[in-house]
Amino acid sequence: MEDAQSSATDYACGPPRRHHRLYFEDGTLVMQVENAVFKIQRSLLARYSTVLRDMLSVPSVEGNKDGTDEHPLVMSGDSAASWELLLGLQYDITRNRPGALKGEEMLTILPIAHKYCMDEIEVWILEQLKMTSSYDGFMDLIVASRIVDSDELYQDGLQRLLSTKSFPTLDQAKRMGVEVTYAIMKAAADAAIAKVTSDLEAKHSKALAAVANPKCRNCHVQEWYCGNCSHGM
């Protein structure tokens with residue numbers, strides 16, 4: 001039974017079909033993402049996306065009625081899961097509260113928010129991600145920086161990761177990629193080298209001080225040969 005339900009809501013496969021939650025009979029726009037057919041209010045998309053606002057404002061060409069049940073507006077290259085989460089934000093106010101979405105869910109929405117210039121949503125997601133204080137959260141910032149092509153966000157995430165002075169697991173390293181993993185390992189190596197160098201310099205300074213200020217090992221008279229107790233250094 002559970003497998004059947006999971007298959008029905010997996011819109012990456014199977015025939016095109018109405019979304020199980022986000023198909024409203026009073027909707028004014030029908031759109032298809034992968035095999036999920038959504039029917040929503042046209043104003044929802046136009047409100048947040050300048051790209052979609054312009055797209056939807058173009059007069060229909062005779063015989064071409066994209067956005068209807070007969071001819072859904074096909075969003076090529078997008079993920080049904082991404083649109084499901086994004087549209088869910090609009091119809092479920094509780095999902096807009098801070099902490100209501102997990103980092104993974106926000107990263108699922110971010111690509112389409114960025115692709116369609118949904119600036120308000122993109123800024124909101126990035127602000128939520130920046131509130132993190134966990135290692136996985138810092139990794140989310142790295143992933144987000146690649147989606148929105150932000151070096152500033154990348155450096156923020158990287159510095160936070162480095163501040164933990166922790167090594168990533170194999171799965172975390174795979175997720176972050178070679179560049180970030182290398183930066184973490186290099187920082188750790190540099191810190192280790194700096195500590196060894198500091199320790200050696202301290203020992204060297206101590207040895208020089210001992211030569212400059214000779215003391216008897218027994219009575220600590222500052223001479224190479226102690227006439228007091230007849231012992232040498």
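Please read all numbers here as calculations on a predicted model, not as lab measurements. Each residue takes its place number in the sequence, starting with 1.
Atom NZ of residue K102 and atom CG of residue L85 lie 11.0 Å apart, to the nearest 0.5 angstrom. Taking CE of M176 as the reference point, atom OG1 of T169 lies at 7.5 Å (rounded to 0.5 Å). The CD atom of Q172 sits 8.5 Å away from atom CD1 of I184, with the distance rounded to the nearest 0.5 Å. From F38, atom CZ reaches atom CE of M75 across 10.5 Å, with rounding to the nearest 0.5 Å. Atom CD1 of I147 is separated from atom CG of L110 by 4.5 Å, given to the nearest 0.5 angstrom. With values rounded to the nearest 0.5 angstrom, L73 atom CG is found 6.0 Å from L29 atom CG.
A heavy-atom distance below 4.5 Å is not found between the side chains of I109 and S82. No side-chain heavy atom of Q159 sits under 4.5 Å from any side-chain heavy atom of L141. Contact annotation: the side chain of D69 approaches that of Y23 to within less than 4.5 Å [non-hydrogen atoms, C-beta and beyond]. Here the side chains of L45 and L87 are in contact, with some heavy-atom distance below 4.5 Å. By the 4.5 Å heavy-atom criterion applied to side chains, I112 and M118 are not counted as neighbours.
By the 30° and 60° cut-offs, the orientation of the rings of W83 relative to Y116 is tilted.
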Assess whether side-chain contact (heavy atoms from CB on, under 4.5 Å) is satisfied between V30 and H71, documenting all intermediate values. CA-CA 8 Å; V30 181; H71 298 282; over 6 Å; no

Please walk me through it: do Q90 and I121 pass side-chain contact (heavy atoms from CB on, under 4.5 Å)? CA-CA 11 Å; Q90 314 308 316; I121 294 176; 4.1 Å; yes

side-chain contact (heavy atoms from CB on, under 4.5 Å) between L153 and L129: does it pass, once the steps are laid out? CA-CA 10 Å; L153 188 61; L129 291 174; over 6 Å; no

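No side-chain donor-acceptor contact under 3.5 Å links T181 to the backbone of V178. Remark: the backbone N or O of R53 is paired with a side-chain donor or acceptor of S57 at under 3.5 angstrom. Not a single donor-acceptor pair under 3.5 Å links the side chain of E25 to the backbone N or O of G27. Side chain of S150 to main chain of V148: no donor-acceptor pair is present (N/O by atom type, distance under 3.5 Å, no hydrogens or angles). Looking at Q32, its side chain never comes within 3.5 Å of a backbone N or O of P72 through a donor-acceptor pair.
Residue pairs that meet the salt bridge (charged side-chain N to carboxylate O under 4.0 Å, His left out) test with at least one member in residues 110-132, sequence neighbours left out, are D78-K115. Pairs engaging residues 146-168 under the salt bridge (charged side-chain N to carboxylate O under 4.0 Å, His left out) rule: D156-R160 [sequence neighbours left out].
Partners of T50 under the side chain to side chain donor-acceptor pair (under 3.5 Å) rule, at least two apart in sequence or in another chain, do not exist in this structure. Partners of R175 according to the side chain to side chain contact (heavy atoms under 4.5 Å, CB included) rule, which considers only residues two or more places apart in sequence or in another chain, are L107, M139, D140, V143. Residues forming a side chain to side chain donor-acceptor pair (under 3.5 Å) with E84 (at least two apart in sequence, or on another chain): H19. Considering only residues two or more places apart in sequence or on other chains, F24 meets the ring pair (Phe, Tyr, Trp, His ring centres under 6.0 Å) condition with Y91.
Exactly one residue among R17, E34, H20 makes a side chain to side chain donor-acceptor pair (under 3.5 Å) with Y11. That residue is H20.
The minimum heavy-atom distance linking G137 with T132 is given by the pair CA-OG1, 3.1 Å. In this structure, L158 and A183 approach most closely via the heavy-atom pair CD1-CB, 3.9 Å. The shortest non-hydrogen separation linking A36 to A80 is CB-CB, 4.0 Å.
Cluster annotation: L52 is not connected to V37 through the hydrophobic network of ILVMFWY side chains, with a link wherever side-chain heavy atoms come within less than 4.5 Å. Both L44 and V51 belong to a single network of hydrophobic side chains, linked directly or stepwise wherever heavy atoms of I, L, V, M, F, W or Y lie under 4.5 Å apart.
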